[in-house]
*Asks:* 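To start, I am sharing the structure in question, which I have written as structure tokens.
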Amino acid sequence: MADKPSFYITTPIYYVNAAPHLGTAYCTILCDVMARYKRSVGYDVKFLTGLDEHGEKVQRAAEEHGMTPQEWCDSLAPAFHEIWDTLEISDDDFIRTTEPRQVAAVQHLWERMRDAGYIYKGSYDGWYCVPEETYFTDMQVVKSDEERDSVGQHLCPDCGRPLERVQEESWFFKLSAFQDRLLALYDEHPDFVMPDFRMREVRSFVEGGLRDISVSRTSFDWGIPVPFDERHVTYVWFDALLNYATAVGFGNPDQAEQYARRWPAQFHVVGKDIIRFHCVIWPAMLMAIGEAVPEHVFAHGFLMVRDDESGKNVKMSKSLGNAIAPEDVIDLLGVEGYRYYFMTDCVPGEDGGISYGRMEQVYNADLANSWGNLVSRSLNMSAKYFAGTTPELPEGWERTESPLRSVAEGLVERYCEHMDAMRYTQAKDEVMELVHAANHYIEDAAPWAVAKDPARADELVGIIASLLESIRICAHLLAPFMPETSAEVLRRLSLEDQVETRDLRAACAWGGLVGGAGVTKGDALFPRL
RNA sequence: GCCGGUGUAGCUCAGUUGGUCAGAGCGCACGGUUCAUACCCGUGUUGCCACUGGUUCGAAUCCAGUCACCGGUACCA
């Protein structure tokens with residue numbers, strides 16, 4: 001275990017009040033594919049996801065339901081575990097910010113921050129909407145006033161009623177002190193923020209100057225108490241962001257070894273709406289207490305609903321009635337089709353235009369017609385021509401020339417290069433090239449004709465063997481996207497012992513097929529829609 | 001307003017440092033085939049490479065301007 005390099009990847013912690021939706025699932029699957037891929041190339045992976053359970057909104061929702069905040073959170077958490085199980089998410093840890101480990105870590109952070117001198121007490125000024133019981137910042141108010149042409153009136157952005165000016169004592173984090181160090185970080189690590197256009201956005205934001213941020217509240221109490229000022233509870237940044245460090249033992253002497261091994265994280269995958277917290281505030285917090293900053297923050301785009309008629313992308317929303325739920329997609333494509341569609345048809349980093357029409361297209365073209373049918377026709381022929389088994393392989397068969405062998409040459413290297421950079425669409429294209437080549441090869445080689453001529457028996461062995469070998473390799477490469485389908489394909493080739501790969505390059509070397517082994521044709525992997 | 005980006009076949013997009021760069025996949029049309037999930041294979045798809053100027057022997061590829069669209073512009077997990 002310890003001899004393998006560590007790879008630590010995280011999703012954001014999702015806000016417990018909102019049920020898991022297509023966007024959170026998308027982000028989590030992005031991470032899962034990376035986690036599975038990294039395991040297959042030999043990393044000791046830790047994949048973390050979890051829930052953000054503190055805050056005023058949770059407290060209020062709990063009261064409305066006649067529960068304590070903790071009871072309320074406990075009642076919502078199972079929905080997340082369920083959907084992640086359904087979607088084959090292979091998380092190694094699931095953190096909830098109400099857990100003792102998080103409370104201890106956050107309080108430890110406060111002490112370290114205070115000792116380092118980056119915390120001071122000040123006053124948080126803002127606007128409060130009494131009927132809505134919500135706070136707004138100056139910026140939010142000004143922006144909404146500009147939008148509705150009511151400048152100077154200070155109306156609630158949500159309900160439009162007049163706001164009250166409020167002042168609240170608060171602890172502040174000296175974010176302003178980190179401008180230069182953040183810019184230096186961006187210079188030294190241009191891929192700290194990915195994709196690169198997000199890096200430019202972050203940089204120009206920081207170049208514009210930084211303000212200190214309020215990190216505690218006294219107006220509600222559902223939060224982690226500030227250890228040296230019990231009237232205050234921790235506000236989102238210090239609580240939520242720290243979860244990534246907490247989960248690997250930050251501030252816990254009993255877990256010093258794990259922390260040393262796991263931190264810093266390799267990847268934080270986040271939505272583009274929260275990059276500032278991850279790319280500015282979070283590294284500044286870590287710098288303040290002298291801890292290492294994460295290697296990469298990857299910002300994914302939003303899923304937009306694409307109108308197949310007009311070609312326009314529209315935001316998903318309940319009011320527009322165009323929202324798509326994970327369950328809807330599962331019903332249409334199945335879990336593996338779901339994962340494949342979102343991972344290979346949306347460019348990570350950019351907004352994805354999704355539609356049911358497109359889902360069907362991709363599923364039928366790639367999964368049913370190309371990949372599924374290739375497996376089907378190949379296994380069928382092997383079983384038919386070789387009495388229910390793979391052909392007996394002559395000594396050194398893997399060294400004989402074959403059109404498919406040359407397509408497979410270097411494939412795993414090209415694939416890995418793309419996967420490492422989260423270019424899933426391109427990694428998939430590489431694999432599909434072999435799938436298409438194999439389908440093409442069947443046409444050229446016409447094994448059904450060869451099979452009719454006993455004198456060409458050796459030729460038939462070569463054809464079927466290279467087909468099955470190509471399928472075996474594709475199954476390995478598609479496994480991060482569709483783990484169960486790949487496992488099933490390998491099982492049908494009697495290669496169940498290859499399912500848990502720890503050395504993908506070796507697994508994808510030409511020649512891993514076992515001859516004379518049972519072949520199961522089985523049902524269609526992806527029935528056409 | 002300011003900063004950044006994009007504009008290439010019906011759709012999604014590739015096109016490195018300017019000279020087979022006019023491409024791929026999907027969709028669609030037609031033809032062929034049968035091992036297979038009515039699949040697969042082949043052929044085709046009449047594109048002012050947004051517009052206008054400029055640099056150059058030569059630009060989708062460099063420069064300037066115009067138009068259109070998108071993202072960012074601090075407390076939204």
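What you see is a predicted model, and the numbers here were worked out from it, not measured in a lab. In what follows, every chain begins at residue 1, and chains take the letters A, B, ... in the order their sequences are listed.
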*Asks:* For B:C26 and A:Y363 - does any side-chain N or O of the residue sit under 4.0 Å from the phosphate oxygens OP1/OP2?
*Replies:*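 Result: no.
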
*Asks:* Checking contacts here: which listed nucleotide (B:G71, B:C41, B:A77) is nearest the side-chain heavy atoms of A:Y244?
*Replies:*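 Given the options B:G71, B:C41, B:A77, the side chain of A:Y244 is closest to B:A77.
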
*Asks:* Does either side chain, that of A:R96 or that of A:N243, offer a donor lying less than 3.5 Å from an acceptor on the other one?
*Replies:*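 Checked: A:R96/A:N243 side chains show no N/O donor-acceptor pair below 3.5 Å.
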
*Asks:* Does A:F302 have A:K272 sitting over its ring (NZ/CZ under 6.0 Å from centre, angle to axis within 45°)?
*Replies:*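 That pair qualifies as a cation-pi contact.
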
*Asks:* Quick check on RNA chain B: between A:R200 and A:F526, whose nearest nucleotide comes earlier from the 5' end?
*Replies:*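 Looking at the nearest nucleotide for each, A:R200 comes out on the 5' side.
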
*Asks:* For A:D273, answer base if it contacts any base atom (sugar-phosphate contacts may also be present), sugar-phosphate if it contacts only those atoms, and nothing otherwise; contact means non-hydrogen atoms under 4.0 Å.
*Replies:*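 Contact class for A:D273: base.
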
*Asks:* Does the Lys NZ or Arg CZ of A:R217 fall within the cation-pi geometry relative to A:Y235 - under 6.0 Å from the ring centre and within 45° of the axis?
*Replies:*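 Output yes; distance and angle both within limits.
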
*Asks:* Just call it for A:A368: base, sugar-phosphate, or nothing, with non-hydrogen atoms closer than 4.0 Å on any strand.
*Replies:*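 If one applies the 4.0 Å heavy-atom cut-off, A:A368 turns out to touch a base.
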
*Asks:* What's the closest nucleotide to the A:E443 side chain, out of B:A77, B:G72, B:C40?
*Replies:*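 Of the options given, the side chain of A:E443 lies nearest B:C40.
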
*Asks:* Who are the side chain to side chain donor-acceptor pair (under 3.5 Å) partners of A:S176, not counting sequence neighbours?
*Replies:*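 Only A:D212 meet the side chain to side chain donor-acceptor pair (under 3.5 Å) criterion with A:S176.
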
*Asks:* Side-chain N or O of A:N369 less than 4.0 angstrom from OP1 or OP2 on B:C40?
*Replies:*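 So the side-chain polar atoms of A:N369 do come within 4.0 Å of the phosphate oxygens OP1 or OP2 of B:C40, strictly under.
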
*Asks:* Mind checking A:G301 for me? I need base, sugar-phosphate or nothing, with any heavy atom below 4.0 Å counting as a touch.
*Replies:*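 The residue A:G301 makes no contact with any strand.
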
*Asks:* In whole Å, what separates the C1' atom of B:G23 from that of B:A14?
*Replies:*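 Between the two C1' atoms, the distance is 7 Å.
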
*Asks:* Check every strand shown and say whether A:I13 touches a base, only sugar-phosphate, or nothing at a heavy-atom separation below 4.0 Å.
*Replies:*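 The residue A:I13 makes base contact.
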
*Asks:* Look at all strands and tell whether A:L525 reaches a base, only sugar-phosphate, or nothing, counting heavy atoms closer than 4.0 Å.
*Replies:*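 Answer is base: heavy atoms of A:L525 come under 4.0 Å of a base.
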
*Asks:* Between A:E53 and A:T97, does any side-chain donor sit less than 3.5 Å from a side-chain acceptor?
*Replies:*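 Checked: A:E53/A:T97 side chains show no N/O donor-acceptor pair below 3.5 Å.
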
*Asks:* Measure from the side chain of A:W448, starting at C-beta and using heavy atoms only, and say which of B:G27, B:U34, B:A77 lies closest.
*Replies:*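 From the listed options, B:U34 comes nearest.
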
*Asks:* Would you mind reading off the distance between A:L367 atom CG and B:C26 atom C1', rounded to a whole angstrom?
*Replies:*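 A:L367 atom CG is separated from B:C26 atom C1' by 13 Å.
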
*Asks:* Side chains of A:N17 and A:W72: donor-acceptor distance under 3.5 Å anywhere?
*Replies:*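 Present: a donor and an acceptor within the cut-off.
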
*Asks:* Mind checking if A:R528 touches a base, just sugar-phosphate, or nothing, with heavy atoms under 4.0 Å?
*Replies:*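 The residue A:R528 makes base contact.
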
*Asks:* Could you tell me the separation between the CD atom of A:Q361 and the C1' atom of B:U12, rounded to a whole number of Å?
*Replies:*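 Computing the A:Q361:CD to B:U12:C1' distance gives 10 Å.
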
*Asks:* The side chain of A:E201 lies closest to which of these nucleotides: B:C75, B:G71, B:G27?
*Replies:*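 Side chain of A:E201 sits closest to B:G71.
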
*Asks:* Can you confirm whether the side chains of A:Y14 and A:H21 place a donor and an acceptor under 3.5 Å from each other?
*Replies:*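 Side-chain D/A pair, A:Y14 to A:H21: absent.
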
*Asks:* Over how many whole Å does the gap from A:E459 atom CD to B:C35 atom P extend?
*Replies:*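 Rounded to whole Å, this separation is 17 Å.
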
*Asks:* Under the criterion salt bridge (charged side-chain N to carboxylate O under 4.0 Å, His left out), I'd like the reasoning laid out for A:E484 against A:R491: C-alpha separation, chi angles, the key distance, then a yes or no.
*Replies:* CA-CA 10 Å; A:E484 185 43 45; A:R491 283 195 295 268; 2.7 Å; yes

*Asks:* Taking atom C1' in both B:G65 and B:C26, what distance in whole Å separates the two?
*Replies:*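 Each nucleotide's C1' atom is 37 Å from the other's.
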
*Asks:* Quantified in whole Å, what is the P atom distance between nucleotide B:U61 and nucleotide B:G7?
*Replies:*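 B:U61 and B:G7 have their P atoms separated by 11 Å.
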
*Asks:* B:A50 and B:C11: how far apart are their P atoms, nearest whole angstrom?
*Replies:*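 Per the computed distance, 14 Å lies between those P atoms.
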
*Asks:* Is A:H54 close enough to B:A77 that one of its side-chain N or O atoms is under 4.0 Å from OP1 or OP2 there?
*Replies:*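 A:H54 to B:A77 OP1/OP2: no side-chain N or O under 4.0 Å.
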
*Asks:* Please pick, from B:A77, B:G71, B:C40, the nucleotide with the shortest atom-to-atom distance to any side-chain atom of A:S370.
*Replies:*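 Of the candidates, B:C40 comes closest.
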
*Asks:* Base, sugar-phosphate alone, or nothing: which one does A:P527 contact when heavy atoms must sit under 4.0 Å apart?
*Replies:*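 Base contact.
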
*Asks:* Give a yes/no answer on whether the side chain of A:N380 brings an N or O atom under 4.0 Å of OP1 or OP2 in B:C35.
*Replies:*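 No, because none of the side-chain N or O atoms of A:N380 sits under 4.0 Å from OP1 or OP2 of B:C35.
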
*Asks:* With a non-hydrogen cut-off below 4.0 angstrom, is A:S204 in contact with a base, only sugar-phosphate, or nothing?
*Replies:*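 Answer is nothing: A:S204 stays at 4.0 Å or more from every strand.
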
*Asks:* In whole angstrom, give me the gap between the P atoms of B:U6 and B:C62.
*Replies:*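 Each nucleotide's P atom is 10 Å from the other's.
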
*Asks:* Using a heavy-atom cut-off of 4.0 Å across all strands, would you classify A:T24 as base, sugar-phosphate, or nothing?
*Replies:*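 Here A:T24 touches no strand at all.
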
*Asks:* Just checking A:L210: base, sugar-phosphate only, or nothing, at a heavy-atom cut-off of under 4.0 Å?
*Replies:*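 A:L210: base contact, heavy atoms under 4.0 Å.
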
*Asks:* Taking the P atom of each, how far is B:G54 from B:A9, in whole Å?
*Replies:*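 Those two atoms are separated by 26 Å.
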
*Asks:* Name the closest nucleotide to the A:R377 side chain, picking from B:C41, B:G72, B:C40.
*Replies:*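 Looking only at heavy atoms from C-beta outward on A:R377, the closest nucleotide is B:C40.
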
*Asks:* Is a donor from one side chain sitting under 3.5 angstrom from an acceptor on the other, for A:H232 and A:E169?
*Replies:*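 A:E169 and A:H232 do have a side-chain donor-acceptor pair below 3.5 Å.
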
*Asks:* Give A:I281 one of three labels, base, sugar-phosphate or nothing, depending on what nucleic acid heavy atoms sit under 4.0 Å from its own.
*Replies:*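 Here A:I281 touches no strand at all.
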
*Asks:* Any base atoms under 4.0 Å from A:Y14, or only sugar-phosphate, or nothing? Heavy atoms, all strands.
*Replies:*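 Answer is sugar-phosphate: A:Y14 comes under 4.0 Å of backbone atoms only.
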
*Asks:* Side chains of A:S214 and A:W171: donor-acceptor distance under 3.5 Å anywhere?
*Replies:*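 There is no such pair between these side chains.
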
*Asks:* Is the phosphate of B:G4, meaning OP1 or OP2, less than 4.0 Å from a side-chain N or O of A:R198?
*Replies:*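 Answer is no, no contact under 4.0 Å.
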
*Asks:* How do A:F172 and A:H440 order along RNA chain B: which one's closest nucleotide is nearer the 5' end?
*Replies:*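 This one resolves to A:H440.
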
*Asks:* Respond yes when some side-chain nitrogen or oxygen of A:K521 is under 4.0 Å from OP1 or OP2 of B:C35, and no when none is.
*Replies:*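 Checking B:C35 against A:K521, no side-chain N or O comes under 4.0 Å of OP1 or OP2.
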
*Asks:* As a test of reading the structure: which of B:A77, B:G71, B:U37 is closest to the side chain of A:S376, going by heavy atoms?
*Replies:*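 Among the listed nucleotides, the one closest to the side chain of A:S376 is B:U37.
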
*Asks:* Using atom P in both nucleotides, what's the gap between B:U12 and B:U56 to the nearest angstrom?
*Replies:*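 My reading of the P atoms in B:U12 and B:U56 gives 38 Å.
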
*Asks:* I'd like the C1' distance from B:G27 over to B:G10, given in whole Å.
*Replies:*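 Between the two C1' atoms, the distance is 7 Å.
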
*Asks:* Do NZ/NE/NH1/NH2 and the carboxylate oxygens of A:D32 and A:R339 come within less than 4.0 Å?
*Replies:*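 Judged by the 4.0 Å cut-off on N to carboxylate O distance, A:D32 and A:R339 do form a salt bridge.
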
*Asks:* Could you summarise the pairing of RNA chain B as dot-bracket text, marking Watson-Crick and G-U pairs under 3.5 Å with ( ) or [ ] inside the strand and | across strands?
*Replies:* (((((((..((((.....[...))))((((((.......))))))....(((((..]....))))))))))))....

